[in-house]
Amino acid sequence: TMTAGTLNNAGGSANVAVNGDVTCSGTCGTISLTTAALYQRVTTNRNFGTQTGATAWTFKNLNFFNKDTSAGYTITTQTGGSGDVTVTGVLTVGSGSYTQTMTLDAGNRTWALSGNGTPFVLNASPAAVLTPNTSTFYYNSTAATTIPSTTYYILLMLGAGTNFTFTPTSGTLSATTLTLNCTTTISFDANTNDPAVTISGNMALNTTGQCTYLASNSSTLTVGGNLSMTTSTFTHNNGTVVLNTATTSTVSGSNSPAIVFYDFKVITANKKVKFTAGKTFTIDGLLTLTGTSGSPVFFASTASGSQWFIN
């Protein structure tokens with residue numbers, strides 16, 4: 001329990017192992033383990049994180065393991081506090097050295113992952129689980145980074161390096177929102193491992209440099225809210241984009257053409273889709289609109305009285 005002061009190993013390299021909770025209440029001290037690892041190894045459900053205030057904790061490597069031999073357990077991030085959890089090396093959930101499932105409930109925190117390569121590991125066997133709750137997973141990478149395809153709440157990627165790629169693993173990557181901010185030339189490559197990407201809310205690529213989304217040629221990109229690509233490129237790879245909710249969606253792009261799709265589907269009756277006024281959107285494959293009698297799919301411009309174009 002950290003109630004005051006700072007736990008800092010800047011002058012050494014020893015790892016820290018805890019078999020119980022890693023928390024604080026009342027007042028919270030700072031954890032700054034920047035040269036080694038914290039291992040929280042549990043044999044029952046345990047807690048992690050500040051329970052009050054905005055104190056941030058920083059780790060080089062942070063590991064959550066279930067060493068019990070008979071049951072799966074959860075480490076629950078406390079929601080009373082709001083401080084970020086920063087991991088500069090690798091965040092690992094679960095271990096092949098043990099036999100039972102480890103679940104991390106990420107709480108309401110921002111998990112800032114600044115490592116390159118594979119900064120977040122969900123053990124495959126026994127399978128580790130991320131319960132996203134209302135957390136933000138923030139990948140702040142400077143070189144090629146692999147992202148586990150799992151369920152996130154808010155997934156935010158900032159490409160601070162030059163000319164590199166975020167690559168999700170195979171499976172299904174889902175989130176409430178997905179945002180890729182690029183200050184240089186950065187790609188999100190969904191084509192190499194072909195995960196299904198499902199965003200229940202908004203998906204945005206924003207850039208002062210150049211963002212590129214490389215779509216899967218075999219798995220679907222599904223978006224429930226808005227799809228925004230500002231000075232960004234969508235490479236369709238003959239793949240499919242689906243808009244699947246009843247809420248109004250805005251599809252926006254600033255290139256010319258604004259966005260080039262291959263197969264584009266709107267599968268919910270009575271849905272309205274708005275496109276950027278004055279811009280041309282291209283469909284290289286098949287446009288599918290699934291309305292019903294009396295409840296068609298509506299296409300409109302983002303500005304009343306100003307046309308948009310489809311080609």
Side-chain angles (χ1 to χ4, degrees), residues 1-68 72-95 98 101-115 119-122 128-141 150-158 160 175-177 179:
T1 300
M2 285 291 299
T3 58
T6 299
L7 175 61
N8 186 317
N9 69 344
S13 58
N15 296 325
V16 177
V18 179
N19 295 328
D21 296 330
V22 181
T23 60
C24 71
S25 60
T27 59
C28 287
T30 298
I31 297 179
S32 183
L33 299 178
T34 58
T35 63
L38 174 74
Y39 293 87
Q40 189 174 4
R41 297 183 293 209
V42 305
T43 56
T44 188
N45 294 325
R46 290 293 188 177
N47 297 322
F48 173 86
T50 57
Q51 295 173 325
T52 185
T55 300
W57 287 356
T58 301
F59 306 88
K60 180 180 180 182
N61 296 315
L62 178 58
N63 306 274
F64 298 110
F65 296 161
N66 174 14
K67 63 180 185 177
D68 190 73
Y73 289 113
T74 298
I75 293 177
T76 300
T77 306
Q78 301 302 281
T79 57
S82 59
D84 292 355
V85 179
T86 297
V87 181
T88 61
V90 181
L91 169 64
T92 303
V93 181
S95 169
Y98 302 109
T101 298
M102 179 80 266
T103 298
L104 172 64
D105 182 329
N108 61 346
R109 304 310 175 88
T110 294
W111 296 76
L113 308 179
S114 58
F120 182 27
V121 175
L122 288 170
V129 177
L130 174 67
T131 300
N133 211 316
T134 58
S135 65
T136 297
F137 270 73
Y138 170 36
Y139 291 86
N140 183 17
S141 303
T150 188
T151 300
Y152 301 90
Y153 185 69
I154 295 174
L155 177 57
L156 172 63
M157 292 160 286
L158 172 63
T176 301
T177 64
T179 303

Distance (rounded to the nearest 0.5 Å) between [X] [atom1] and [Y] [atom2]:
X      : Y      : atom1 : atom2 : answer
Ser114 : Tyr139 : OG    : OH    : 12.0 Å
Leu155 : Thr151 : CG    : OG1   : 11.0 Å
Thr86  : Tyr138 : OG1   : OH    : 9.5 Å
Tyr73  : Asn66  : OH    : CG    : 7.0 Å
Ile154 : Thr134 : CD1   : OG1   : 8.0 Å
Gln78  : Asp21  : CD    : CG    : 7.5 Å

Is any side-chain heavy atom of [X] closer than 4.5 Å to a side-chain heavy atom of [Y]?
X      : Y     : result
Thr88  : Thr34 : no
Thr131 : Thr74 : no
Val85  : Leu91 : no
Phe48  : Ile75 : yes
Asn45  : Thr76 : no
Leu33  : Trp57 : no

Worked check of side chain to side chain contact (heavy atoms under 4.5 Å, CB included) between Ile31 and Val22: CA-CA 10 Å; Ile31 297 179; Val22 181; 4.1 Å; yes

Distance-minimising heavy-atom pair for [X] and [Y]:
X      : Y      : answer
Thr50  : Ser82  : OG1-N, 4.3 Å
Asn19  : Arg46  : O-NE, 3.9 Å
Thr101 : Val129 : CG2-CG2, 4.1 Å
Phe120 : Val93  : CE1-CG2, 4.0 Å
Ala106 : Phe137 : CB-CE1, 3.9 Å
Lys67  : Thr43  : CG-CG2, 3.6 Å

With distance as the sole test, does [X] use its side chain to make a donor-acceptor pair with the main-chain N or O of [Y] at under 3.5 Å?
X      : Y     : value
Asp84  : Ala56 : no
Gln51  : Thr79 : no
Arg109 : Gly81 : yes

Aromatic ring pairing Phe64/Trp111, orientation class (parallel under 30°, perpendicular over 60°, tilted between):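 Perpendicular.
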
Audit row: Asn133, Thr77, side chain to side chain contact (heavy atoms under 4.5 Å, CB included) steps and yes/no: CA-CA 10 Å; Asn133 211 316; Thr77 306; over 6 Å; no

Criterion side chain to side chain contact (heavy atoms under 4.5 Å, CB included) on Val121 and Val90, from CA distance to verdict: CA-CA 7 Å; Val121 175; Val90 181; 3.9 Å; yes

Evaluation steps, side chain to side chain contact (heavy atoms under 4.5 Å, CB included), between Thr92 and Asn61: CA-CA 8 Å; Thr92 303; Asn61 296 315; over 6 Å; no

